[in-house]
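Convention: sequence-line order gives letters A, B, ...; per-chain numbering from 1.
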Amino acid sequence: MARMKFICDSERCIECNGCVTACKNEHEVPWGVNRRRVVTLNDGVPGERSVSVACMHCSDAPCMAVCPVNCFYRTEEGVVLHDKDTCIGCGYCSYACPFGAPQFPAAGTFGVRGKMDKCTFCAGGPEDHGSQAEFEKYGRNRLAEGKLPACAEMCSTKALLAGDGDVVADIFRNRVLKRGKGAEVWGWGTAYGSRQAGQPQGQKS
Amino acid sequence: MLLTKKSGAAHGVARVNGESRSPFIHSLQRGLSHALPTMDRRAFLRRSGLGVGVGIAAGSLTLVKKAKAASANGPAVGTGKIEVKRTVCTHCSVGCAIDAVVENGVWVRQEPVFDSPINLGAHCAKGAAIREHGHGEFRLRYPMKLVDGKYQRISWDQALNEIAGRIQEIRKASGPDAIYWIGSSKHSNEQSYLMRKFVSLFGSNNCDHQARICHSTTVSGVANTWGYGAMTNSYNDMQNSKAALYIGSNAAEAHPVSMLHMLHAKENGTKMIVCDPRFTRTAAKADQYIRFRSGTDIPVLFGILYHVFKNGWEDKKYINDRVYGMDKVREDVLAKWTPDKVFEASGVPEEALYKAAETMAKNRPSTIVWCMGQTQHSIGNAMVRASCILQLALGNVGVSGGGANIFRGHDNVQGATDIGPNPDSLPGYYGITEGSWRHYATVWGVDYDWIKGRFASPAMMSKPGITVSRWIDGVLEKNEVIDQDPNLRAVVYWGHAPNSQSRGAEMKRAMDKLDLLVVVDPYPSATAAMAAMPGKPEDQNPNRAVYLLPAATQFETSGSVTASNRSIQWREKVIEPLWESRSDHMIMYQLAEKLGFGKELVKNYKMQKVKGMDEPVPEDILREVNKSNWTIGYTGQSPERLKAHMKLMAHFDVKSLRAKGSVKDPETGYDIQGDFFGLPWPCWGTPELKHPGTHVLYNPSLPVMEGGGCFRANFGVEKDGVNLLAEDGSHPQGSEITTGYPEIDHVFVKKLGWWGELTPAEQALAEGKNWKTDLSGGLIRVAMKNHGVYPFGNAKARAIVWNFPDGIPQHREPIYSTRPDLVAKYPTHDDKKAFWRLPTLYKTLQQKNLQDKVHEKFPLILSSGRLTEYEGGGDETRSNPWLAELQQEAFVEINPKAAAERNIRNGDRVWLKTPTGAQLNVQALVTERVGPDTCWMPFHFAGRWMGTDMLPYYPSGAAPVVRGEAVNTATTYGYDSVTMMQETKTTICNVEKVA
Amino acid sequence: QAPAQQGQSAATQPAKPVVDDPAPGQQPGGIQGQNIFDVKPEVKRDASNDPGYMDQTNGQRNAVQPGNNAPMWRDVQRGMAGYSSLPRSQAPEAGVLIQAPVQYPGSRMTTAGEAWRQVRNNWLIPYGGALILISIVALLIFWFARGPIGHNEAVGGGGRRIERFTPFERAAHWTNAIAFVVLGISGIVMAFGKFFLLPIIGGTLFGYFTYLLKNLHNFFGPLFAVSLLIVIITFIKDEFPRKGDMGWLAKAGGVFSKSGEEPPTHRFNAGEKVVFWIAVVLLGIVTVGSGLVLDKLIPSMDYLRSTMQQAHMVHAVAAILMICLIGFHIYLGTVGVRGAYRAMREGYVDEAWAREHHAYWHEDIQAGKIPAQRSTQQGAPLTEPVRTA
Ligand SMILES: Nc1nc2c(c(=O)[nH]1)N[C@H]1C(S)=C(S)[C@@H](COP(=O)(O)OP(=O)(O)OC[C@H]3O[C@@H](n4cnc5c(=O)[nH]c(N)nc54)[C@H](O)[C@@H]3O)O[C@H]1N2
Ligand SMILES: Nc1nc2c(c(=O)[nH]1)N[C@H]1C(S)=C(S)[C@@H](COP(=O)(O)OP(=O)(O)OC[C@H]3O[C@@H](n4cnc5c(=O)[nH]c(N)nc54)[C@H](O)[C@@H]3O)O[C@H]1N2
Ligand code: HEM
Ligand code: HEM
Ligand code: SF4
Ligand code: SF4
Ligand code: SF4
Ligand code: SF4
Ligand code: SF4
Ligand SMILES: [Mo]
């Protein structure tokens, strides 16, 4: 089975936030919740690079390991999803996630957060594919429609690649070989460990 | 208007939920019919669950290796009517295509159009968030009138009657020139064309649109150099460039999807140079970045050219064959722009420019890209010509991979410039001379003398109108000094924001003095708030009337739009106009009816019913454009051809934009073979001639019938005894005439013995005409098809534009400069008395500034420009929460050194003060992006005025999500010496920490 | 297809960190960026001989070795915050691509989130859980071995009634106690529920249940904080060490003495005082403090992830210890000591009870140093003799 991954090519990303609004639009994500965000390093000085980041759907996902109610699960494609019915909004996943992916709709008093929301790799959630309940809780299920994540599909420079780890790695490799530089794939080490694409999930918890 | 169609909407809900009409659905239905008039669309979508299953039902993309089959028994798979409408992003000139998924009349999703050769599915933040227009939560919903400082809802009838009544009153008392019409680059081609026609039939040239404050200097500078004021090549063609020099363009933020092509090219070895006072996101991608002082483009460009000449890198044959005046320019450059002088003026060291010159010369074809960094100066016209000259010297123009890639602004600013409301020309750059008026009188089917009678006087008919950059002076100046009888008394903002014009503080006064202010806009909020905000009592006109009319967006109508590369795309109507909004052409028609010239306006158009009212059919308007705009080849792009292109996008090559073989539109049978995508103008002759459009302008390596060409003969055949026509052998491939030649007319054709090749019908129309006025298109057909000859002649490009204030571009310091030493060396022009009907200051103001030592009080350069997330004045984009969340605060970029001197830390609130007396309360963004002498502000904000929130003055419910200080509240005086472009890229300021 | 699925094809195989630019000093665990191909950045040999090579910024490095972004990735790895246009107030850490590496006690040196996960999952949960279990087992053993302390006769002996706790003291104590129980149970379910409860009641029910408890926890925390403060203030004056405490301790409260005689103490015995100072005051304040941070109730504080992680670890440690110690207190306050519960419920004890458990206190009352009735309002009389277990 394909192992879904993201690559953000920092040599291409121009911090246009297309990916961010594509996601908001597709899933009607409310104000305050940013499933994806763009970070610029060395902003305004030579060497500036931007990277778009969302949930990386880690192999040995820290979020999953710390969740008190075990609401995370992994799909056959390696997508890390969660069940909002079970989520208690404790925030632990956000403490554990290296990438700051988990988001909460409310920053209410008494630490009340509401149910966690994060990038689903446009793969919905535990509800029936394409159902209304799924849309309301998790947004669209593009994978089930045979489409790729909205953010990557609309990326203005095709810096953001999403899909089968092998395929995106191939596309990226072609670019790298052509320009002969910039082979760094951001976040893969952290997200997928030194084991590589396609491997089953990690055992550690 | 879907939401008030109670039965329809409720029906949709019932259907989506299947047969089971549960009690819940029942109550939902009842609830809906109660809530409908006020219920917002987004909530409606969410609650009804409309469109949830759409993707699965209509999904067609299979990019995933293995797509999982959709679960067949998904309970709420939409069974409503699902349609996919192809449209084009309305934000910038890149022209990204979008597929809008519409279910039961509601825009529920948007999908990328991977087939589009322009954007391949890619979008920046604005395009990816465009569906918000389908909700339009913060739009104006109904006509409104300002009563006692508050906006009140009124009916359309009342609004149109009162507005028309006022206009007639003013017209009667002060003549047609007392009313100023500000059209829009947001309008479709059809609407902009109709707007110019509307103003013409109203009897005035007092109209303008955004191009004035955008690329007017480019248009006139470039057109006067080689023929047309437009991007010569395309974003796609930049993939063929070996080097690219961006100077004054921040494409990564302003034309993000253009970077798709450039970054791809870079991977294939293209060298990228960026010259900009700021280290922009574009600069971050460059191989070489050159920082220079704002306003010194000529020293920089000529500093590069100096090395080109010094090293003999210029293309001597090309210059000899195709360029006039380069020798004089050479002398001038070598004498004036030695590296020390360049360094003194711009701060760029010799090595940097040498390296840039070498890169450009040794990696040909090389291209140049410019945008607002060059245009928005009091010498903008000269700056852009300096860029042209560099490209001409390198032999890069008329070459695939070369050219002057002038990135245009708004989605249809190119189209609106070409055929829209310009104060000095009729559609298609037909001047406002009698000949042109007669041409259009014929096309419009109205009597020339009738039109003449509509004007204040025949003289006013050929006098260019006031520009949008200066309408405020049309109101404020003393009547004796302005070059028309009345002052302006009424202004109609028809798709233009107020915070985009400079001198905002004075604009507020002008707005208060008006008798009538009408805003026709989906998001009129900035103008509305500014008008409702209390001003100085002495400026207030007690009889002023202010009206807001809700215009439909381009997604609620259909029409064509011209992208920066001159490709024309057709937008399908996505949804019916929301709430009470009406399309611009419908409003134009209705207002014309009330003003008594409705019949004349729509004589050639059929009407269609929209929401039960008559609306001119856009296709018919386009056909009228096709019949009249021979000058720039807007004649071949029939609605049928354009629609075929939209459907068959997948069959155009991304690099060459050419159709990859023969494919037929299943509906009309039209075959796109040979066409360039979107039939980039000039697409010569009638649609039947089947000219493919012109991808690369002035390109002699192709036959004319395949999009080849040459420079335009528009400036005579010789100048002071020097030949202006192209030298022998320099002609479009396959041309029967191999020498230079002037433009063709009936005499020329007859002389060559080709007259007989015209059909008798053509002969009847072409007799006594030239290629521009021959309504049959016969002259063009015969010249091009039969003889491979270009209609507008074959001449040299002009390195010297002798009819401009500086024939050879000269550096002149801005009116407000921080460098008195350089003002002395490079002073500005002399004042002008009646320039676009207004007195215009140059030297006296610059000298006064020098004497008053304003540079001591305001030691920082103030520049302004764009953020990816917002567009223009920003009312639309700041009303889109998906975008607004990403930029919540107006800010000023300031260098750490300048900040430290002022004890300012990142994130502090500061006052930005300018010599106008205005002060802006903004956040400081301390960054090395700008140099120590420069500050920079995004210009998209409005809604705060020198520290106060304008929220109370907005029409209720129509305030944008994010409000902030507009830089133009504080910008200063200064206008281009040819086009009246405002000087917004270089003025001066000081910044203080808010105590 | 198999090999392609299993891993990267040959060219994309094992991940290596950028080799030409090892970070000086210790390389934090976990490779953040990864060169997934055998394409190395263009390395100009002479460039890396530059003495300042390792100190180059990304811009400087790019100038000499285009495409070599090692300095930047190294900074990112260190948790360098980049720019994000989201306002700080809304998303304070939006600019952080990856959490900075730290080493929490018990974790490896790795990204903070991962380190926290290690502390929580490898230490707090197993050992904390074990500690709680051990405490429960210990109490059970103690119960079976020793049974309740004190004599039944002392409880309802019909002697003079002495007011041990005023209504105010009792109200404060019980509010505090109830809050504690709710917090403790909800906390335990949050921390350990998935091991003992989830398998029994299933994910959905467990989710709803825990959601409820979690929110209760959030709201009871502040209640606990306030009542704790009152409890501390009201009891503190009698909790300072006094005559007899050492003796009491030395004899371990007489619990193991054959006679079962309790050494004399003042109002509270040394055991209670130890619990008071350690569990109530120290752990209480730490738990409450860290809990308030987790509740985001401390004004003008930046609730960054690192703050939350640290607060959580402190909270969890303190809470677990507190659960164990207060568990002991609860044991003694309910079934462990005859008559104690009643004292706290009704406020009065029998003179005999006072004499048996708090001899010095009883002496003071008899001497009139402490009034037998402190509250103005009459407490409920000891109507029927209550049988305590
Ligand atoms: N996101 C977004 N995209 C847009 C628009 C928008 O509003 N928002 N608007 C559209 C429109 S209308 C237009 S016209 C284009 C404009 O597109 P651009 O012109 O590319 O954008 P700007 O930011 O106005 O200016 C470009 C650069 O000019 C630099 N500059 C300032 N002073 C000088 C100078 O003296 N010389 C030179 N050479 N450069 C200077 C600025 O630092 C800035 O980086 O963008 C279009 N696209
Ligand atoms: N300081 C400073 N000032 C500048 C610039 C700068 O760089 N610095 N740039 C200048 C440039 S290049 C430009 S182009 C201008 C841009 O400035 P504007 O063009 O004034 O800004 P927009 O907000 O894009 O204005 C377009 C208006 O049209 C409305 N609109 C959209 N679609 C339609 C439609 O279909 N019908 C109607 N009737 N209305 C519609 C929108 O709601 C919006 O109010 O700003 C100029 N001003
Ligand atoms: C002022 C008092 C308290 C406050 C504000 C508070 C708050 C919190 C918060 C916010 C959490 C994190 C989970 C969440 O987000 O809800 C938490 C966890 C926890 N709390 Fe408290 N708490 C308080 C007192 C207590 C007390 C007294 C105990 C002990 C009985 C306790 C035991 C726990 C436990 C066991 C956890 C779970 C730790 C884990 O899951 O690893 N808390 N508390
Ligand atoms: C169900 C839970 C609890 C029960 C059944 C309980 C029971 C009791 C009883 C019976 C007494 C009286 C002992 C005596 O007369 O000497 C007492 C005293 C006291 N309790 Fe509790 N208690 C509980 C929880 C708590 C908690 C959560 C705290 C504080 C964190 C607390 C703090 C105190 C204090 C400070 C005293 C005063 C004497 C002392 O220091 O032990 N109790 N409790
Ligand atoms: S990126 Fe964060 S949220 Fe996503 S799987 Fe990894 S740890 Fe979990
Ligand atoms: S917030 Fe929800 S998903 Fe995250 S750890 Fe807590 S329960 Fe699990
Ligand atoms: S994959 Fe889908 S959910 Fe995730 S960031 Fe992209 S668009 Fe949003
Ligand atoms: S859309 Fe692409 S280029 Fe734009 S910010 Fe996102 S990843 Fe970067
Ligand atoms: S704003 Fe311009 S670049 Fe962005 S999606 Fe629209 S057309 Fe494309
Ligand atoms: Mo523009």
**OP:** Apply the test salt bridge (Lys or Arg N to Asp or Glu O under 4.0 Å) to residues Glu28(A) and Arg109(B): give CA-CA distance (whole Å), side-chain angles for both, the deciding distance (0.1 Å), then the verdict.
**Re:** CA-CA 10 Å; Glu28(A) 308 221 331; Arg109(B) 282 180 92 170; over 6 Å; no
Original post:
Where does Val94(B) contact chain A at under 4.5 Å (heavy atoms): side chain, backbone, both or neither?
Top reply: neither
Original post:
Any residues in residues 16-24 of chain A near chain B, with a heavy-atom distance under 4.5 Å, and which are they?
Top reply: Cys16(A), Asn17(A), Gly18(A), Val20(A), Thr21(A), Ala22(A), Lys24(A)
Original post:
Hey, mind stepping through Glu111(B) and Lys147(A) against side-chain contact (heavy atoms from CB on, under 4.5 Å) and telling me if it holds?
Top reply: CA-CA 10 Å; Glu111(B) 289 291 343; Lys147(A) 299 172 189 166; 2.9 Å; yes
Original post:
Is there side-chain contact between Arg12(A) and Glu267(B), with heavy atoms separated by less than 4.5 Å?
Top reply: yes
Original post:
What heavy-atom pair brings Val45(A) and Glu928(B) nearest, and what distance separates the two atoms?
Top reply: CG1-OE1, 3.5 Å
**OP:** Could you grab the distance from atom CD of Glu48(A) to atom OG1 of Thr280(B), nearest 0.5 Å is fine?
**Re:** 8.0 Å
Original post:
Which pair of non-hydrogen atoms, one from Gln110(B) and one from Met154(A), has the smallest distance, and what is that distance?
Top reply: O-CE, 3.7 Å
Original post:
Taking the side chain from Arg281(B) and the backbone from Glu15(A), do they hold a donor-acceptor pair closer than 3.5 Å?
Top reply: no
Original post:
Got a second to check how far Arg175(A)'s CZ is from Lys266(B)'s NZ, nearest 0.5 Å?
Top reply: 13.0 Å
Original post:
Out of curiosity, Glu26(A) CD to Trp882(B) CH2, how far, rounded to the nearest 0.5 Å?
Top reply: 9.5 Å
**OP:** Can you see which heavy atom on Glu153(A) is nearest to which on Pro112(B), and at what distance?
**Re:** OE1-CG, 3.6 Å
Original post:
Do you know which of Ile130(B), Asn119(B), Val257(B) has the most heavy-atom pairs with chain A at a distance under 4.5 angstrom?
Top reply: Val257(B)
Original post:
Do you know the tightest heavy-atom contact between Trp31(A) and Gln888(B)?
Top reply: CZ2-NE2, 3.5 Å
**OP:** Measure the spacing between CG of Leu886(B) and CG of Asn34(A) and express it to the nearest 0.5 Å.
**Re:** 6.5 Å
**OP:** Look at Ala252(B), Ala286(B), Ala283(B) and state which one has the largest set of heavy-atom pairs under 4.5 Å with chain A.
**Re:** Ala252(B)
Subject >> Contact winner vs chain B - Ala150(A), Cys151(A), Ala162(A), Gly32(A), heavy-atom pairs under 4.5 Å >> reply: Gly32(A)
Subject >> Lys285(B) side chain vs Arg49(A) backbone, donor-acceptor pair below 3.5 Å >> reply: no
Original post:
What's the verdict on side-chain hydrogen bond (donor to acceptor under 3.5 Å, both in side chains) for Asn25(A) and Glu132(B), showing C-alpha distance, side-chain angles and the deciding distance?
Top reply: CA-CA 8 Å; Asn25(A) 180 347; Glu132(B) 161 64 21; over 6 Å; no
Original post:
Between Gly163(A), Pro30(A), Pro46(A), which shows the greatest number of heavy-atom pairs under 4.5 Å with chain B?
Top reply: Pro46(A)
Subject >> Side chain, backbone, both or neither of His261(B) within contact of chain A (heavy atoms, under 4.5 Å) >> reply: neither
Original post:
In terms of heavy-atom pairs under 4.5 Å with chain B, which of Ile14(A), Thr157(A), Thr40(A) leads?
Top reply: Ile14(A)
Original post:
So do Glu11(A) and Leu263(B) actually touch side chain to side chain, heavy atoms under 4.5 Å?
Top reply: no
